[in-house]
Number of protein chains: 2
Amino acid sequence: MADRYEAIAEQFRVHGYKLTQPRRAIVQTLLGAAKPLSPAEIQQRGQKLYHELGLVTVYRTLELMELLGTVRAVHLADGCHGFAIASPGHTHHVVCERCHCVVEIAGCDLGDFLDTVAERTGYAITGHWLEVSGLCAACQAQDAAEHTHDDSIDATAR
Amino acid sequence: MADRYEAIAEQFRVHGYKLTQPRRAIVQTLLGAAKPLSPAEIQQRGQKLYHELGLVTVYRTLELMELLGTVRAVHLADGCHGFAIASPGHTHHVVCERCHCVVEIAGCDLGDFLDTVAERTGYAITGHWLEVSGLCAACQAQDAAEHTHDDSIDATAR
DNA sequence: CGGATAAATGAAAAGGTTTTTCAATAAGGG
DNA sequence: CCCTTATTGAAAAACCTTTTCATTTATCCG
């Protein structure tokens, strides 16, 4: 995890941005979170690391980190869940429907699919945004314990 | 297009909701739009069809239509672009980066990909949200005309 | 084809969230 | 260690969304 912090810190330095106490607190907060956090949540948690942390600074830092590619907004069909650390390169997030905990997946292989889309639509595809939702292992276990009388899962359009 | 309107009207009726003038104006506005519209845009355009259309009603109708599955929020990494009519079934949107015009794609085939994700993460996958961005045919043509001196397109992580 | 009734509407107000402004502060180069 | 400039927090402004409530309107039913 120290590596992940260093990599992000490096991005600030390389691009000529100062690594201030508030920014450090925000980065550490995001690294320590298991789920995407809203700006207000980041402020609350961040104040444990840097007591004066202001909400405005959270907004500004998120904007900057998005620019640097170290943070990404995570939203699904049901709305924006917040911001999460993004590893360098092209990754996607998998979010748990129940507890909103999130994991990153790298190396998605959508090339063929996107070729088909290009062909069918006439668009020149330049990017894509994919968020996957599901139940994390912990929430699955909880489900299994509570509903011994299985309420069958809808597997049609996942 | 009359069919598309009828199908949506049917959804209102079937679920016991009234087909009021404001709602009709909103549906027609969305059907006539080539790009996702924000609530404010829907109000503005909708007032050409029903002059008294209030913004509050737009919000309420969008919420209802989302519930009925006839409208979908469209957002990409760079923010929420608005709401667009959604065809029944599982579809995704392809949005033009330049003009934001949108087309729907049906029958996405992400099964294998999602199986891999499930395997790697331990999550039980229940849904996914995919938005594709690119340049529509018209904007590509415009580009070709303006930049005879091609500024090469970044094709790395699309 | 009205009239009754419950849903739906618009305007105003409230509630949040995000952005801007500006004087004070702190990071990091020299 | 000081100086310069970016960065910060607080307050206010700007926005966007939701709630409230009296009035209107679509649909059911006689």
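In the text below, chain A, chain B and the rest are named by the order of the sequence lines, each starting its count at 1.
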Of B:Gln21 and B:Pro39, whose nearest nucleotide on DNA chain D comes first from the 5' end?
-> B:Pro39
So what does A:Tyr50 touch, heavy atoms closer than 4.0 Å: a base, only the sugar-phosphate, or nothing?
-> sugar-phosphate
Residue whose closest nucleotide on DNA chain D lies nearer the 5' end, B:Pro22 versus A:Thr61 = A:Thr61
Taking atom P of C:dT9 as reference, at what distance in whole Å does atom CZ of B:Phe12 sit?
-> 9 Å
Mind checking whether A:His92 and A:His128 have parallel, tilted or perpendicular rings, split at 30° and 60°?
-> tilted
For the side chain of B:Arg60, starting at C-beta, report the closest nucleotide among D:dC21, D:dG9, D:dA26.
-> D:dC21
What is the distance, rounded to the nearest whole Å, between atom CG of B:Leu37 and atom C1' of D:dC16?
-> 17 Å
Whole angstrom value for the distance that separates C1' of C:dT17 from NE2 of A:His75 | 17 Å
Mind calculating the distance between CD (A:Glu52) and C1' (D:dA10) to the nearest angstrom?
-> 12 Å
Is any side-chain N or O of B:Thr20 closer than 4.0 Å to OP1 or OP2 of C:dT9?
-> yes
Most 5' of B:Tyr17 and B:Val56 on DNA chain C, judged by nearest nucleotide = B:Tyr17
Between B:Leu19 (CG) and D:dT27 (P), how many Å, whole number?
-> 6 Å
Within-4.5 Å side-chain heavy-atom neighbours: B:Arg4 and B:Ser87 | yes
Distance below 4.0 Å between A:Arg23 side-chain N/O and D:dT8 OP1 or OP2 | yes
Stepwise side-chain contact (heavy atoms from CB on, under 4.5 Å) test for B:Glu41 and B:Thr29 = CA-CA 9 Å; B:Glu41 284 172 323; B:Thr29 298; over 6 Å; no
What residues, two or more places apart in sequence or in another chain, satisfy side-chain hydrogen bond (donor to acceptor under 3.5 Å, both in side chains) together with A:Arg98?
-> A:Asp143
Distance in angstrom units between B:Glu63 CD and C:dT9 C1', rounded = 15 Å
Within this structure, what is the CD-to-P distance between B:Gln43 and D:dC16, rounded to whole angstrom?
-> 12 Å
Identify whether the distance between the nearest side-chain nitrogen and carboxylate oxygen of A:Glu10 and A:Arg13 falls below 4.0 Å.
-> yes
Figure out the NE2/P separation between A:His51 and D:dT8, and round it to whole Å.
-> 18 Å
